[in-house]
Number of protein chains: 2
Amino acid sequence: MSKINNTSFGEYIKQLREDKHLPLRKIAAELDIDTSTLSKIEKNERNASEQVIERLSEIFEIDKGELKVRYLSDKITYQLLEEKDGIEILKVAEQKIKYYKKNDKH
Amino acid sequence: MSKINNTSFGEYIKQLREDKHLPLRKIAAELDIDTSTLSKIEKNERNASEQVIERLSEIFEIDKGELKVRYLSDKITYQLLEEKDGIEILKVAEQKIKYYKKNDKH
DNA sequence: TTGTGTTTTGACAAGAACTGTCCAAATTTA
DNA sequence: TAAATTTGGACAGTTCTTGTCAAAACACAA
């Protein structure tokens, strides 16, 4: 199983930021976004763009792929949380992705 | 593993419709949507609303839950098809959903 | 407590994405 | 060929997302 825990994307980057005792203001400046936007990203109230994710991975020196996994898994979780058959939906999606990858259809 | 094959949602309902030799026009009327909209749904170019999915399940006498699984797994597959770590993202999402369900947090 | 820096919230306009709708072109069927 | 079916493009209306700003709420040292 994966080692990524159940911390949300927002909570995770907030944690990274606080570990380094940096204010939102500073990170937001480095990301070239508004402080309030970053605040909302940390509270999972706004999307993080591809660019923001990339810069975050640089700033905190973490793998970009891992960060994307955290981000996108969060989004999918959110989409399925109210669904009765959430887990089955994921299983079927997994089959489909494997099928498409196998057959080179992207 | 699930028994749902790798047919897309659109292809699937198109198949159901053609098996009964019914024109788009008729089904669209029953769904109370435009013929061209149904055409696009069958080609996966438009979203199917909750209501449309429900009516489709009635018209073709299939389980609504299964139809939703087909529909939503398609959407998720599409979101992840270009991602390098698609499968891992699904695994992490699965953990998260289980975690939330266990802790009753919806 | 006041003052200073930080974080959160709500509002707003601009832009993007999605919807239902119509019509004409293309395709299929008879 | 003619009729029916299917598809594609265009359109306005709506909803959702975005970046931006300013004020409110908060934390906390002096």
Side-chain angles (χ1 to χ4, degrees), chain A residues 7-60 67-68 70-83, chain B residues 7-60 67-68 70-83:
Chain A
T7 313
S8 75
F9 177 80
E11 288 165 11
Y12 178 64
I13 61 170
K14 178 170 192 176
Q15 194 62 58
L16 289 172
R17 180 176 64 79
E18 289 180 341
D19 287 351
K20 295 201 171 187
H21 305 288
L22 293 166
L24 284 172
R25 178 176 50 78
K26 286 236 173 195
I27 305 294
E30 290 206 58
L31 296 173
D32 195 28
I33 61 176
D34 201 274
T35 304
S36 91
T37 301
L38 181 54
S39 168
K40 283 163 193 161
I41 290 173
E42 286 191 349
K43 308 181 99 241
N44 304 302
E45 288 168 1
R46 282 259 173 141
N47 290 328
S49 69
E50 178 75 26
Q51 204 189 134
V52 162
I53 293 174
E54 169 129 33
R55 289 287 294 119
L56 283 171
S57 75
E58 292 165 5
I59 292 168
F60 295 118
L67 209 49
K68 284 192 78 174
R70 284 181 183 275
Y71 180 68
L72 292 172
S73 63
D74 253 31
K75 289 198 93 170
I76 287 174
T77 299
Y78 180 74
Q79 286 177 62
L80 297 184
L81 217 46
E82 306 299 326
E83 292 298 328
Chain B
T7 312
S8 76
F9 177 80
E11 289 165 10
Y12 178 64
I13 61 170
K14 178 171 191 174
Q15 194 62 59
L16 290 172
R17 181 176 62 78
E18 290 181 340
D19 287 352
K20 295 202 172 186
H21 306 288
L22 293 166
L24 285 172
R25 179 175 49 81
K26 285 236 174 196
I27 305 295
E30 289 206 57
L31 295 171
D32 195 26
I33 61 176
D34 200 273
T35 304
S36 94
T37 301
L38 181 54
S39 167
K40 284 160 193 159
I41 290 173
E42 286 191 351
K43 308 181 98 242
N44 303 302
E45 288 168 0
R46 282 261 173 138
N47 290 327
S49 69
E50 178 77 25
Q51 204 189 133
V52 162
I53 293 174
E54 169 129 32
R55 288 289 291 120
L56 283 171
S57 76
E58 291 165 5
I59 292 168
F60 295 118
L67 209 48
K68 284 192 77 172
R70 285 182 182 273
Y71 179 69
L72 292 171
S73 62
D74 252 32
K75 291 198 92 170
I76 286 174
T77 299
Y78 179 75
Q79 286 176 63
L80 296 184
L81 217 45
E82 306 300 325
E83 291 299 329

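Lettering of chains follows the sequences in order, A, B, ..., and the numbering in each one begins at 1.
- Within residues 11-24 of chain A, the residues that have a heavy atom under 4.0 Å from DNA chain C are, in order of number, Lys14(A), Arg17(A), Pro23(A), Leu24(A).
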TODO: Could you give me the CA-CA distance, side-chain angles and deciding distance for Leu56(B) and Phe9(B), then say whether side chain to side chain contact (heavy atoms under 4.5 Å, CB included) is met?
DONE: CA-CA 11 Å; Leu56(B) 283 171; Phe9(B) 177 80; 4.1 Å; yes
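- Between the CG atom of Asn44(B) and the P atom of dT7(D) there is a distance of 12 Å, given to the nearest Å.
- Applying the side-chain hydrogen bond (donor to acceptor under 3.5 Å, both in side chains) rule to Thr7(A) yields the partners Asn5(A); only residues at least two apart in sequence or on another chain are considered.
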Open item on the list: Treating primed atoms plus P, OP1 and OP2 as sugar-phosphate and everything else as base, which nucleotides of nucleotides 20-30 of chain C get B, S or - for protein heavy atoms under 4.0 Å?
Closed with: BBB--------
Set out, line by line, the N/O atom pairs under 3.5 Å between protein and nucleotides 27-30 of chain D.
none

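- The CG atom of Leu31(A) sits 14 Å away from the C1' atom of dG19(D) (whole-angstrom rounding).
- In this structure, the CD1 atom of Ile27(A) is 10 Å from the P atom of dT7(C), given to the nearest Å.
- Taking only side-chain nitrogens and oxygens, Lys43(A) comes nearer than 4.0 Å to OP1 or OP2 of dT9(C).
- One distance of note links OG of Ser57(B) with CG of Leu67(B); it measures 6.0 Å at 0.5 Å rounding.
- When each of Lys14(B), His21(B), Lys20(B) is paired with Arg17(B), the side chain to side chain contact (heavy atoms under 4.5 Å, CB included) condition holds for Lys14(B) and for no other.
- In this structure, the CD atom of Glu45(B) is 13 Å from the P atom of dT19(C), given to the nearest Å.
- In this structure, CD of Glu42(B) is placed 11 Å from C1' of dT7(D), rounded to the nearest angstrom.
- Considering only heavy atoms from C-beta on, Lys75(A) comes within 4.5 Å of Asn47(A) through its side chain.
- Remark: Glu30(B) engages Arg55(B), Ile59(B) in a side-chain contact (heavy atoms from CB on, under 4.5 Å) (not counting sequence neighbours).
- With contacts defined as side-chain heavy-atom distances shorter than 4.5 Å, the pair Ile76(A)/Gln79(A) qualifies.
- Atom OH of Tyr78(A) sits in a sparse spot, with 12 or fewer heavy atoms from other residues, nucleotides or ligands closer than 6.0 Å.
- Side chain of Thr77(B) to backbone of Ser73(B): a donor-acceptor contact under 3.5 angstrom is found.
- Counting heavy-atom neighbours within 6.0 Å of Gln51(B) CD, excluding the residue itself, gives a total of 12 or less.
- Under the rule for a side-chain hydrogen bond (donor to acceptor under 3.5 Å, both in side chains), the partners of Asp19(A) that lie at least two apart in sequence or sit in another chain are Gln15(A).
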